[in-house]
Amino acid sequence: MKTGGAMLAAGLLVTGCATDPYGYDDPYYAGRDNQQLERAAKGAAIGGIAGAAVGAVVDGVSVVEGAAAGAAIGAVAGAVIKGRQYYRDTQGYCYYVDDNGNPVYDYDTDC
């Protein structure tokens, strides 16, 4: 039952980070919090599976302990790390679109 409490605490910590501090009710901002929460959930699922696999292979670590640790780490990583989709403009430069919809050029990235 100890791992259940740890998973509950990790879930509460992650969902606390997924709230909108500015309180926008504008439809333009709708779904932005859900994106972070969705990334956290995907990270938790992938981390849980990977942790369970590690727990099955490594001596001294149970499958449940490995899954709990992997899910907690994956959820935090998923909530914090934002993947960027890079695009190439007509001149061959790479850019990504920021949260406000503006292109941000990254001259050190190959896309």
Side-chain angles (χ1 to χ4, degrees):
M1 195 65 183
K2 290 181 183 180
T3 55
M7 290 178 66
L8 178 64
L12 290 174
L13 288 173
V14 171
T15 56
C17 296
T19 59
D20 183 10
Y22 303 110
Y24 291 124
D25 291 327
D26 189 346
Y28 174 77
Y29 294 100
R32 290 182 187 240
D33 292 338
N34 292 338
Q35 291 173 357
Q36 185 178 22
L37 189 58
E38 184 177 318
R39 287 193 313 266
K42 286 180 184 177
I46 293 169
I49 292 169
V54 169
V57 175
V58 175
D59 289 335
V61 178
S62 73
V63 176
V64 174
E65 291 172 344
I73 293 170
V76 171
V80 173
I81 298 172
K82 293 174 74 171
R84 291 188 177 149
Q85 174 67 45
Y86 282 92
Y87 303 97
R88 184 183 307 271
D89 69 2
T90 57
Q91 297 175 343
Y93 296 112
C94 298
Y95 69 95
Y96 65 91
V97 179
D98 67 4
D99 290 339
N100 296 320
N102 300 318
V104 177
Y105 282 88
D106 190 355
Y107 299 105
D108 298 327
T109 301
D110 295 326
C111 56

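Partners of Asp89 by side-chain contact (heavy atoms from CB on, under 4.5 Å), not counting sequence neighbours, listed by chain and number: Gln91, Tyr93, Tyr95, Tyr105. Under the rule for a side-chain contact (heavy atoms from CB on, under 4.5 Å), Ala50 has no partner lying at least two apart in sequence or in another chain. Listed by chain and residue number, Val58 satisfy the side-chain contact (heavy atoms from CB on, under 4.5 Å) test with Val54 (two or more places apart in sequence, or in another chain).
Each of Ile49 and Val57 belongs to its own hydrophobic cluster when Ile, Leu, Val, Met, Phe, Trp and Tyr are linked at side-chain heavy-atom distances under 4.5 angstrom.
Counting only residues at least two apart or in different chains, salt bridge (Lys or Arg N to Asp or Glu O under 4.0 Å) contacts with residues 40-60 comprise Glu38-Lys42.
In this structure, Ile46 stands alone, with no Ile, Leu, Val, Met, Phe, Trp or Tyr side-chain heavy atom under 4.5 Å from its own, directly or through other members.
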